[in-house]
> 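Structure incoming, see below.
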Number of protein chains: 2
Amino acid sequence: MRAMSTAQSPPSPSVPTGPREVAPVAHRAPERDEIRIETVLQALADPVRLELVRQLAREGRPLMCGAFDVSVSKSTLTHHLRTLREAGVVASRPRGTTRLNRLRRDDLDALFPGLLNGVLAARR
Amino acid sequence: MRAMSTAQSPPSPSVPTGPREVAPVAHRAPERDEIRIETVLQALADPVRLELVRQLAREGRPLMCGAFDVSVSKSTLTHHLRTLREAGVVASRPRGTTRLNRLRRDDLDALFPGLLNGVLAARR
DNA sequence: ACCGTACTTCGATGATCATCGAAGTGTGAA
DNA sequence: TTCACACTTCGATGATCATCGAAGTACGGT
């Protein structure tokens, strides 16, 4: 659904690109000033998602979806990464046929100094 | 239910005080080393509970249940305070006919340094 | 054009949870 | 003991959500 995606030309010259209320990309992430603490905490509160954040922090570099070591299905992993992305905890950009997920340390540290370090300091 | 409560004397001298597996008080809170980050984040993730923590931090002293300014029913407030208590975020002790709720800053700062400050630093 | 890999979307399902009112418990005071 | 106040427990309800498999989309290589 959502029409053929490969089409890059709108059906008619009217409304050339549209008002573009949200952004053309499917994978939206909030700007820094749009990140809300409730959403971030909600995102971090899930054990699987917390583990994803831990692995990103431990590796210290972006990871593709398939590189995470969690015991959930592919679709569930997508769901969790989307939750983290929409909360502003991670950002992701396509890399060939895969997708690189990056921990938004700078933004989180700027908005909630100490939060991420405190969470990561917790003993397993 | 739970038998007549007014009875203060156990039925028999055997098992004078009992092994007391869980503690005689109804309001249990985890010891410092029992506090888990997932539970704490889960507790902080709710908007009402986050507001309770904010008010406790702002006042800088224990507050009785009735002193919180939130727009939920009495029973819902009890539910949220219990969630915070069982997560280890607050501690509460009876004070006459009321109950004083205290933010467990020391324990949280020791376990997850920076977390609470980061959360409280978030702009409303 | 075709295939395979990598990820996403969809719809369903079971579990958890925030919410409430009503009824219960406990404490201090009259 | 009786009352009023402060809080808790209970049971119900609607909402959110983690989970999955199946089907869809996108991209790079052959």
Side-chain angles (χ1 to χ4, degrees), chain A residues 1-8 22 24-29 38-53 62-87 90-102, chain B residues 1-8 23-29 38-53 62-87 90-102:
Chain A
M1 39 196 69
R2 193 172 293 103
M4 15 264 336
S5 50
T6 52
Q8 74 216 30
V22 288
V25 294
H27 294 271
R28 275 276 294 161
E38 290 91 347
T39 314
V40 170
L41 290 172
Q42 195 90 255
L44 295 178
D46 182 90
V48 175
R49 289 194 290 263
L50 185 57
E51 180 57 32
L52 297 178
V53 170
L63 291 178
M64 47 179 269
C65 305
F68 291 102
D69 181 23
V70 286
S71 55
V72 292
S73 72
K74 219 90 164 288
S75 52
T76 301
L77 177 60
T78 295
H79 160 69
H80 284 309
L81 284 171
R82 173 167 41 157
T83 301
L84 287 171
R85 177 165 24 85
E86 291 178 344
V90 309
S92 75
R93 54 180 231 274
R95 174 86 171 191
T97 163
T98 82
R99 181 169 283 276
L100 283 184
N101 300 276
R102 172 181 66 87
Chain B
M1 45 192 65
R2 194 173 291 102
M4 13 259 350
S5 50
T6 53
Q8 76 214 29
V25 294
H27 295 272
R28 275 277 294 160
E38 289 90 347
T39 314
V40 170
L41 290 172
Q42 194 88 256
L44 295 177
D46 181 89
V48 174
R49 290 194 290 264
L50 185 57
E51 179 57 31
L52 297 178
V53 170
L63 291 178
M64 46 178 268
C65 305
F68 290 102
D69 181 23
V70 287
S71 54
V72 292
S73 72
K74 219 93 164 285
S75 52
T76 302
L77 177 59
T78 294
H79 160 69
H80 284 309
L81 284 171
R82 172 166 43 156
T83 302
L84 287 171
R85 178 167 22 87
E86 291 178 344
V90 309
S92 75
R93 54 182 232 274
R95 174 88 173 190
T97 163
T98 81
R99 182 168 282 276
L100 283 184
N101 301 275
R102 172 181 66 87

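Chain letters run A, B, ... following the sequence lines, proteins first, then strands; residues in each count from 1.
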> Any sub-3.5 Å donor-acceptor pair from A:Asn101's side-chain atoms to A:Ser92's backbone N or O?
no

> Only counting residues at least two apart or in another chain, list the ones meeting side chain to side chain donor-acceptor pair (under 3.5 Å) with B:Thr83.
none

> Please report, rounded to the nearest Å, how far the P atom of C:dC7 is from the CZ atom of A:Arg85.
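Taking atom P of C:dC7 as the reference, CZ of A:Arg85 is at 12 Å.
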
> Take the protein atom CG of A:Leu81 and the nucleotide atom P of C:dA6, then report the distance between them rounded to whole Å.
15 Å

> Can you list the stems that include DNA chain C, where a stem is three or more consecutive Watson-Crick or G-U pairs with distances under 3.5 Å?
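When the pairs of DNA chain C are grouped into runs of at least three, the stems are C:1-30 with D:1-30.
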
> Specify the residues of residues 63-70 of chain B, ordered by number, for which at least one heavy atom lies under 4.0 angstrom from an atom of DNA chain D.
B:Met64, B:Cys65, B:Gly66

> Show me, pair by pair, the donor-acceptor contacts under 3.5 angstrom made by side chains of residues 43-51 of chain B, not counting sequence neighbours?
{"residue": "B:Asp46", "atom": "OD2", "partner": "B:Val48", "partner atom": "N", "Å": "2.9"}
{"residue": "B:Asp46", "atom": "OD2", "partner": "B:Arg49", "partner atom": "N", "Å": "3.2"}
{"residue": "B:Arg49", "atom": "NE", "partner": "B:Ala43", "partner atom": "O", "Å": "2.7"}
{"residue": "B:Arg49", "atom": "NH1", "partner": "B:His80", "partner atom": "ND1", "Å": "3.1"}
{"residue": "B:Arg49", "atom": "NH2", "partner": "B:Gln42", "partner atom": "O", "Å": "3.4"}
{"residue": "B:Glu51", "atom": "OE1", "partner": "B:Arg124", "partner atom": "NH2", "Å": "3.1"}
{"residue": "B:Glu51", "atom": "OE2", "partner": "B:Gln55", "partner atom": "NE2", "Å": "2.9"}

> I'd like a table of atom pairs between the protein and nucleotides 27-30 of chain D - only N or O on both sides, under 3.5 Å - with the distance next to each one.
none

> Measure the distance from CG on A:Leu84 to P on C:dT8 and round it to the nearest whole Å.
12 Å

> Under 3.5 Å, which donor-acceptor pairs link side chains of residues 64-75 of chain A to any protein atom two or more places apart or in another chain?
{"residue": "A:Ser73", "atom": "OG", "partner": "A:Ser75", "partner atom": "OG", "Å": "3.2"}
{"residue": "A:Ser73", "atom": "OG", "partner": "A:Thr76", "partner atom": "N", "Å": "3.3"}
{"residue": "A:Ser73", "atom": "OG", "partner": "A:Thr76", "partner atom": "OG1", "Å": "3.0"}

> To the nearest angstrom, how far is A:Glu86 atom CD from C:dT9 atom C1'?
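From A:Glu86 CD to C:dT9 C1': 13 Å.
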
> Which nucleotides of nucleotides 16-23 of chain C have their base under 4.0 Å from a protein heavy atom (B), which only their sugar-phosphate (S), and which neither (-), written as one string 5' to 3'?
--SBBB--

> Please identify each residue that fulfils side-chain contact (heavy atoms from CB on, under 4.5 Å) with A:Arg102, with sequence neighbours left out.
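Counting only residues at least two positions away or on another chain, A:Arg102 forms a side-chain contact (heavy atoms from CB on, under 4.5 Å) with A:Pro62, A:Ala91, A:Arg104, A:Asp106.
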
> Think B:Arg99 has a side-chain N or O under 4.0 angstrom from the OP1 or OP2 of D:dT8?
yes

> From B:Arg85 CZ over to B:Leu81 CG, what is the distance, rounded to the nearest 0.5 angstrom?
7.5 Å

> Give the rounded distance in Å between these two atoms: CZ of A:Arg93 and P of C:dA6.
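Taking CZ of A:Arg93 and P of C:dA6, I get 18 Å after rounding.
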
> Can you check side-chain contact (heavy atoms from CB on, under 4.5 Å) on B:Leu52 and B:Leu77, steps first, answer last?
CA-CA 9 Å; B:Leu52 297 178; B:Leu77 177 59; 3.9 Å; yes

